[in-house]
Amino acid sequence: QVQLVESGGGLVQAGGSLRLSCAASGRTLSYYAMGWFRQAPGKEREFVAAISWSGGTTYYADSVKGRFTISRDNAKNTVYLQMNSLKPEDTAVYYCNAGPNIIKIRTPIGSDYWGQGTQVTVSS
């Protein structure tokens with residue numbers, strides 16, 4: 001069984017930065033794509049970013065392009081989300097996900113594994 005554990009969330013002022021981490025344990029997610037979703041209160045869970053196993057392919061939601069960067073360290077079984085120029089509308093619980101297909105993990109049903117989430121709050 002695979003467990004994904006997110007960390008790095010917190011409270012930050014608008015314009016600030018945070019770096020989220022997601023560590024996988026249980027077994028190596030060989031050839032798995034990984035990504036991030038977020039869910040704000042009263043809203044549906046939405047795709048944020050995804051990265052292929054090699055790191056050579058990435059996808060971003062239009063709302064975060066140019067501000068967020070996804071990366072991974074396969075030796076550490078960890079994926080990161082660097083978030084810069086944060087806005088109040090970025091406030092949400094951020095979830096890490098993983099699945100064998102980078103196209104499919106951009107949708108909630110296309111993921112095999114999910115983390116428990118980490119809260120990000122951006123104050124204005």
Side-chain angles (χ1 to χ4, degrees):
Q1 187 66 19
V2 173
Q3 288 187 326
L4 301 179
V5 179
E6 301 97 334
S7 61
L11 174 64
V12 64
Q13 288 189 332
S17 299
L18 281 175
R19 188 195 195 202
L20 305 183
S21 299
C22 172
S25 62
R27 68 174 180 90
T28 300
L29 293 176
S30 297
Y31 304 111
Y32 267 56
M34 297 187 74
W36 292 91
F37 274 69
R38 67 186 181 186
Q39 188 167 19
K43 295 187 177 181
E44 293 186 352
R45 191 171 296 193
E46 65 173 359
F47 168 74
V48 175
I51 188 168
S52 62
W53 164 252
S54 68
T57 300
T58 57
Y59 292 101
Y60 295 94
D62 288 342
S63 58
V64 306
K65 277 181 183 177
R67 300 189 297 122
F68 291 10
T69 302
I70 189 170
S71 61
R72 66 190 295 166
D73 184 339
N74 290 335
K76 296 182 179 179
N77 252 5
T78 301
V79 65
Y80 305 97
L81 186 68
Q82 178 67 44
M83 306 186 295
N84 299 328
S85 302
L86 283 161
K87 305 175 181 180
E89 51 263 43
D90 294 318
T91 295
V93 177
Y94 283 70
Y95 298 90
C96 173
N97 67 321
N101 188 303
I102 190 173
I103 302 299
K104 292 183 178 179
I105 71 162
R106 295 185 298 173
T107 63
I109 63 172
S111 301
D112 289 357
Y113 305 105
W114 289 92
Q116 83 290 347
T118 185
Q119 176 71 47
V120 171
T121 303
V122 184
S123 63
S124 57

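For this chain, numbers begin at 1 and follow the sequence in order.
For Arg38 and Tyr95, the positive end is not near the middle of the six-membered ring at less than 6.0 Å and at most 45° from its axis.
Within 6.0 Å of the CD atom in Glu89, the count of heavy atoms belonging to other residues, nucleotides or ligands exceeds 12.
Side chains of Leu4 and Trp114 form no contact here, defined as non-hydrogen atoms less than 4.5 Å apart. Annotation: side chain of Glu46 is not in contact with side chain of Gln39 (no heavy-atom distance under 4.5 Å). In this structure the side chain of Asp112 reaches within 4.5 angstrom of the side chain of Tyr32, judged on heavy atoms. Side-chain atoms of Val120 and Thr91, non-hydrogen and from C-beta on, never get closer than 4.5 Å to each other. Side-chain atoms of Ile103 and Tyr59, non-hydrogen and from C-beta on, do get closer than 4.5 Å to each other. Counting only heavy atoms from C-beta outward, the side chains of Gln119 and Tyr94 never approach each other to under 4.5 Å. Counting heavy atoms from C-beta on, the side chains of Gln3 and Tyr113 never come closer than 4.5 Å. Two residues are said to be in side-chain contact when any heavy atoms from C-beta on lie closer than 4.5 Å; Asp73 and Tyr80 meet this criterion.
In this structure, the side chain of Arg67 engages the main chain of Ser85 through a donor-acceptor pair within 3.5 Å. Asn74 places a side-chain N or O within donor-acceptor distance of the main-chain N or O of Trp53, the cut-off being under 3.5 Å. Judged purely by atom type and a 3.5 angstrom limit, Gln13 has no side-chain atom pairing as donor or acceptor with the backbone of Ser123. Proximity of a side-chain donor or acceptor of Gln116 to a complementary backbone N or O of Val5 within less than 3.5 Å is not detected.
In this view, Phe47 and Phe37 satisfy the ring pair (Phe, Tyr, Trp, His ring centres under 6.0 Å) rule, not counting sequence neighbours.
Using modelled atom types, one finds a donor on one side chain and an acceptor on the other under 3.5 Å when comparing Ser17 with Asn84.
One distance of note links CZ of Arg19 with CG of Leu81; it measures 10.0 Å at 0.5 Å rounding. For the atom pair CZ (Arg72) and OG (Ser52), the distance works out to 7.0 Å, reported to the nearest 0.5 Å. The distance from atom CE of Met34 to atom OG of Ser71, rounded to the nearest 0.5 Å, is 11.0 Å. Atoms CG and OG, from Leu20 and Ser7 in turn, are 8.0 Å apart once rounded to the nearest 0.5 Å. Expressed to the nearest 0.5 Å, how far CG of Asn97 lies from CZ of Arg106 amounts to 12.0 Å.
Counting all heavy atoms, side chain and backbone alike, Ala14 lies closest to Pro88 at CB-CD, 4.1 Å. Of all heavy-atom pairs spanning Ala50 and Ile105, the tightest one is CB-CD1, 4.0 Å. Annotation for Leu86 and Val12: closest pair CD1-CG1, 3.6 Å, computed over non-hydrogen atoms.
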* Please assess Asp90 against Phe68 for the test side chain to side chain contact (heavy atoms under 4.5 Å, CB included), listing each intermediate value before the final yes or no. => CA-CA 11 Å; Asp90 294 318; Phe68 291 10; 4.0 Å; yes
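One finds a salt bridge joining Asp62 and Lys65 here, because a Lys/Arg side-chain nitrogen approaches an Asp/Glu carboxylate oxygen to under 4.0 Å.
Under the 4.5 Å side-chain heavy-atom criterion for Ile, Leu, Val, Met, Phe, Trp and Tyr, Val93 and Val48 are members of distinct hydrophobic clusters.
Legend: disulfide (SG to SG under 2.5 Å) pairs involving residues 6-100, not counting sequence neighbours, sorted by first then second residue: Cys22-Cys96.
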